[in-house]
Amino acid sequence: MTASNTTNALQNIKGTILLAGAGKMGGAMLSGWLARGLDAKRVAVIEPNPSGEINALVTKGVRLNPTPKEIGTVATLVIALKPQTFRDAGATLRSFTGPSTLAASIMAGTTIASIEAACGGSVVRAMPNTPAAIGRGITVAVAAKNVSTAQRAAADALLRATGAVEWINEETLMDAVTAVSGSGPAYVFLVAEELARAGVEAGLPPELAAKLARETVAGSGELLRRSEAASATLRQNVTSPGGTTAAALEVLMGPDGMQSLLTRAVAAATKRSRELAK
Ligand SMILES: NC(=O)c1ccc[n+]([C@@H]2O[C@H](COP(=O)([O-])OP(=O)(O)OC[C@H]3O[C@@H](n4cnc5c(N)ncnc54)[C@H](OP(=O)(O)O)[C@@H]3O)[C@@H](O)[C@H]2O)c1
């Protein structure tokens, strides 16, 4: 979807959009909506400790901490609270929702059923990741059966403001999604950390090692994004037979290498996601 399509889709959303929780993720979504031309007057925010940036948006027309009386039943509620906050305070959101409200949640491990139970309305559950802060996230979304086509389009436009969106039909896949793309940025940052540490071990000054590791991870990510080639092809492109990369890959692709490590890491995160959803 192009940027102008996203802008049109955002502007086509009817009624007030209420954002509950304008922290890291909610704040990134709000910035994305406004940057793509959503009228600030259409947005209300519930946030007990608004940042300076959120407070500044009030002058642009964003309504901060309105009462249900002031804004009535909202067409769209976006929930970006911590799951534990939602467990305690989620039910208070019901005073803003009605049967035709779309409730779009980005809370990790919080099921469609528990969001329906607390807030009512038609629920879309989504899992973004932290590159959302720079508009480069990937979000996976799943809609409850009662979500209309228009509501799904609205959720898609709101989520797309922080990057790409993929829709799935089975909510049970959300645990594996969380383990791959939700937690995934941490795995990549760990690669940068460990590559730098290994560079120091191999004799490089720490500052140089950190810079080489950081730029290598960032540049390779950008190359992967811009290239149409599969990641395996890009890897093979830097691997000459009998060369230095091949020597390293023999270790990384060996029996206790990346395949086994990442399989176990993703399985552990998937299991934890299931446990947290209980
Ligand atoms: N960060 C990630 O990588 C990531 C990835 C995928 C999904 N998520 C999901 O995104 C959600 C938000 O995460 P986050 O990192 O953005 O957390 P966060 O920065 O802590 O944002 C949550 C915000 O909600 C506010 N809040 C607390 N109580 C509230 C209430 N009763 N009503 C309204 N707002 C309230 C918090 O204020 P205080 O700080 O004052 O408590 C905070 O500003 C989580 O459910 C998380 O699972 C996060």
Side-chain angles (χ1 to χ4, degrees), residues 16-33 43-58 62-68 70-71 74 76-97 103-112 114-115 118-119 123-142 155 158-166 168 171 173-190 266 269-270 272-278:
T16 297
I17 299 161
L18 176 64
L19 172 67
K24 289 187 281 297
M25 279 289 171
M29 291 179 83
L30 177 57
S31 311
W33 302 338
V43 183
V45 173
I46 306 179
E47 169 58 60
N49 297 302
S51 65
E53 283 134 44
I54 301 295
N55 273 320
L57 294 176
V58 173
V62 169
R63 284 158 289 169
L64 188 57
N65 295 322
T67 62
E70 283 164 346
I71 60 169
V74 299
T76 307
L77 166 68
V78 177
I79 311 169
L81 300 172
K82 291 276 192 210
Q84 59 272 27
T85 310
F86 179 74
R87 274 195 289 276
D88 299 337
T92 62
L93 298 176
R94 196 180 260 281
S95 46
F96 293 97
T97 62
S105 155
I106 60 155
M107 295 181 291
T110 308
T111 61
I112 289 177
S114 59
I115 298 160
C119 304
V123 176
V124 165
R125 176 181 169 192
M127 170 52 56
N129 63 3
T130 49
I134 55 161
R136 290 292 324 282
I138 174 107
T139 297
V140 177
V142 57
L158 290 165
L159 297 169
R160 214 167 274 280
T162 59
V165 178
E166 291 290 324
I168 57 172
E171 190 182 7
L173 293 181
M174 272 300 190
D175 298 305
V177 163
T178 303
V180 172
S181 55
S183 304
Y187 316 157
V188 177
F189 298 138
L190 180 64
V266 167
T270 305
R272 187 72 186 129
S273 175
R274 278 194 203 114
E275 286 165 3
L276 290 174
K278 277 178 190 160

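Order of listing sets the numbers, starting from 1, for every ligand and every atom in it. The basis for the numbers below is simple: all heavy atoms, side chains too, and nothing from hydrogens, waters or symmetry mates. We count residues from 1, following the sequence as given.
In terms of protein heavy-atom proximity, atom 40 (O) of ligand 1 is nearest to N49 ND2, 2.4 Å. For atom 12 (C) of ligand 1, the closest non-hydrogen atom on the protein side is A80 O, 3.3 Å. In terms of protein heavy atoms, atom 3 (O) of ligand 1 is closest to T130 CG2, 3.0 Å. Residue, atom and distance of the protein heavy atom nearest to atom 32 (N) of ligand 1 are L81 CD2, 3.8 Å. For atom 24 (O) of ligand 1, the closest non-hydrogen atom on the protein side is G21 CA, 3.4 Å.
For atom 16 (O) of ligand 1, the nearest protein heavy atom is under 4.0 Å away.
Annotation for ligand 1: atoms under 4.0 Å from non-hydrogen atoms of A89 are 31 (N). The M127 neighbourhood of ligand 1 comprises atoms 6 (C), 7 (C), with distances under 4.0 Å to a heavy atom of that residue.
Counting heavy atoms only, K82 comes closest to atom 20 (O) of ligand 1 of the residues E47, M29, K82.
Exactly one of T110, L77, V124, L93 qualifies for a side chain to side chain contact (heavy atoms under 4.5 Å, CB included) with I115. That residue is T110.
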Checklist entry - Is there a side chain to side chain contact (heavy atoms under 4.5 Å, CB included) between M107 and L81 once you walk through the steps? => result CA-CA 7 Å; M107 295 181 291; L81 300 172; 4.3 Å; yes
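A salt bridge between E70 and R63 is absent, with no side-chain N of the basic residue lying under 4.0 Å from a carboxylate O of the acidic one.
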